[in-house]
Q: 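Following this message is one structure expressed as structure tokens.
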Amino acid sequence: MQTTLRKAGELRTAKADLVVVFVPSGDGPLDGPAAAADAALDGLVTASRADGEITGEAGSLTVLHTGGRMAAPRVAVVGIGDGGVDRWRAAGRAAGNRARELRARTVAIAPGDAGADRVAAAVVGVEAGAYRFTRYRTEDVAKRPPVRALQVLGGGATAAQVRRAANTGTAVSGARVLADTPSNDMTPTALAERAEAIAAGIPGLSARILGPRELTRLKAGALLGVARGSAEPPRMIVLRWTPPKRRRAAADQVLGLVGKAVTFDTGGISIKPSQGMEEMKLDMSGGAAVVEAMGLIAQQGVPLEVVGVVPATENMPSGTATKPGDVVTAMNGKTIEVINTDAEGRLILADALCYATAKAGATRLIDFATLTGAIVVALGEVYAGLFGSDAEWTDAVRAAGEASGDLCWPMPLHEGYANLISSRVADLSNSANKRQAGAVYAAQFLREFTDGRPWCHVDIAGTGMIGGAGTGFGVGLMLHAAEALAGS
Ligand code: BES
Ligand code: MN
Ligand code: ZN
């Protein structure tokens, strides 16, 4: 949606299909835009509060009809609870969602004297709340048109901060579209084409796509081993952002962003149960987030060199598929016994991490992957699992997630888990025979391919896909992390 910053002005004359004001919980006096709406509507907000209908509870929303008393036909009064940044994000989401339900084409939010972080969170929230995956709907689109324009009436954010938030919201939606698109259309080739299209539109951002021939030359045997079973050729998508003027503080740094993109995970020969398998079209959510985040980082002109590496493949059973017990060799020469073909994510990430360090020059890494069911059991849909080899870098990644709302909770790595990744015939096995610490085991495996560089692994199996749909988890985190590393 087109997002613009306007002067606060008179709420009464604001032109939009839906005007949004924000109220905290409690029964303190109304102020700012909420008080202005109350005055314009002859005390209707006050009356609804007295009634207990408007509580200010975070994410709660009440729509009031203005009946000609304001230029806008409706006002949404949205709760921000204790007024924390995440409450503003939730409030924005509630407003965006209701705007879409109401078929509002233009929305105006009136954040009053809220600071930049809160205004930005609300903007990102509105975009997220208004998101619908409509590509395959032949009827609903005309009935539920997208929200076209968002006006920000005042608040403490600059035009650049509002633009940053709007760009973030757009990139998050972009990642959700990629994830939600089914695997017959979102193939490794299609994902690569999206990466190329993004790069074509932004000077300084380049895309390089490696196919089976280049991957064979690179000896990326782990990715090729997963791709063997599929009729769709694999791709290693490499996006590179080279800023026009690099800040000296980070001139020696290249941030590597790696994202798992299994465009469909059947499990391979170790096939998954059919129940719910359709959700495995979302097994490319990490890669989708990296592709869109690279576009966002470049669009924002972050003064830091960044490389995105996205291994993309299907994981299919077939006469040519890798079988349990087969041994593959990753790009760094390490051999892996494939005990379970459903533990394919760590295999393709192994080669992508090798590529990011050895070929693309990444000095520090973050990978995003819908990697294990175990992390869903451990942390559910709220926190992603965060593993890291370097305490300072891990803290920075966690802080970036707190700032963007992509919450990450620290998980351990330890020598003591090493026995889980040993094989009787190869350097490593891809699946432990003990049913324990499944998410840790996967992270411990990935670490073998990071060349000792500061690295974080974010397991987004719970947070990246919720209710059978992509969430765009990680996009905002990556922008924050890149900006922080660049010192901007
Ligand atoms: N893509 C799955 C993980 C997953 C599960 C993501 C549920 C989202 C929801 C991954 O490739 C997988 O199959 N992992 C296995 C690993 C096991 C075989 C060691 C798992 O978690 O069961
Ligand atoms: Mn799998
Ligand atoms: Zn998978």
Side-chain angles (χ1 to χ4, degrees), residues 179-180 183 186 188 191 222-223 225-230 234 258-289 310-317 321-326 336-352 367-385 387 411 417 420-423 428-446 457-471 473-474:
D180 290 343
S183 73
M186 191 43 57
L191 185 61
L223 172 56
V226 173
R228 274 183 66 88
S230 172
V258 175
K260 169 182 173 180
V262 173
T263 58
F264 197 85
D265 183 11
T266 65
I269 297 297
S270 315
I271 198 161
K272 289 181 181 294
S274 55
Q275 180 79 42
M277 202 203 271
E278 68 283 356
E279 291 197 10
M280 283 299 132
K281 72 175 181 181
L282 301 167
D283 207 19
M284 35 61 75
S285 295
V310 176
T313 180
E314 287 185 338
N315 185 25
M316 299 288 287
T322 292
K323 302 169 289 298
D326 288 359
I336 306 161
E337 184 183 14
V338 181
I339 295 292
N340 189 324
T341 65
D342 198 10
E344 84 296 340
R346 64 200 74 182
L347 295 173
I348 71 171
L349 288 169
D351 278 333
D367 78 68
F368 295 84
T370 47
L371 205 61
T372 67
I375 204 68
V376 190
V377 174
L379 298 176
E381 297 170 343
V382 177
Y383 279 96
F387 301 83
M411 295 285 290
Y417 293 109
L420 284 173
I421 63 177
S422 63
S423 156
L428 299 162
S429 99
N430 82 327
S431 175
N433 32 21
K434 285 190 190 168
R435 267 183 60 88
Q436 50 178 243
V440 185
Y441 166 76
Q444 202 82 28
F445 179 95
L446 294 178
H457 159 58
V458 187
D459 193 334
I460 60 168
T463 56
M465 39 194 281
I466 295 179
T471 63
F473 187 98

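Whatever order the structure lists them in is the order used to number ligands and atoms, beginning at 1.
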Q: Quick one: report the N, O or S atom of D265 that is nearest to the Zn ion (ligand 3).
A: OD2
Q: Are side-chain N/O atoms of T266 and N315 paired as donor and acceptor at under 3.5 Å?
A: no
Q: With backbone taken as N, CA, C and O and side chain as the heavy atoms from C-beta onward, which portion of M280 lies under 4.0 Å from ligand 1: side chain, backbone, both, or neither?
A: side chain
Q: For Q436, does the CD atom sit with more than 12 other heavy atoms under 6.0 Å from it, leaving out its own atoms?
A: yes
Q: Is it the case that ligand 1 has an N or O less than 3.5 angstrom from some N or O of N430?
A: no
Q: Please write down residue, atom name and distance for the protein heavy atom closest to atom 2 (C) of ligand 1.
A: D265 OD2, 3.6 Å
Q: Pick whichever of T341, N315, L371 has a heavy atom sitting closest to atom 3 (C) of ligand 1.
A: L371
Q: Backbone or side chain, does any N or O of T372 fall under 3.5 Å from an N or O of ligand 1?
A: no
Q: Could you check which N/O/S atom of D283 is closest to the Zn ion (ligand 3)?
A: OD2
Q: Checking a contact table here: which protein heavy atom is nearest atom 15 (C) of ligand 1, and how many Å away?
A: D342 O, 4.1 Å
Q: I'd like to check whether G373 has a polar contact with ligand 1, where a contact means an N/O of the residue lying under 3.5 Å from an N/O of the ligand.
A: yes
Q: Listing by chain and number, what protein N/O/S atoms are under 2.8 Å from the Mn ion (ligand 2)?
A: D265 OD2, D342 O, D342 OD1, E344 OE1
Q: Please give the atom name: the N, O or S atom of E344 nearest to the Zn ion (ligand 3).
A: OE2
Q: For atom 19 (C) of ligand 1, which of the options M465, R346, R435 provides the nearest non-hydrogen atom?
A: R346
Q: Would you mind reporting whether D283 and T263 have side-chain heavy atoms less than 4.5 Å apart?
A: no
Q: Based purely on interatomic distance, does E344 place a nitrogen or oxygen under 3.5 Å from a nitrogen or oxygen of ligand 1?
A: yes
Q: E344 and K260: salt bridge (Lys or Arg N to Asp or Glu O under 4.0 Å), yes or no, with the steps?
A: CA-CA 10 Å; E344 84 296 340; K260 169 182 173 180; 3.0 Å; yes
Q: In terms of side-chain heavy atoms, does S429 have a donor or acceptor partner in S423 at a distance below 3.5 Å?
A: no
Q: Counting only nitrogen or oxygen atoms and a 3.5 angstrom limit, does S431 reach ligand 1?
A: no
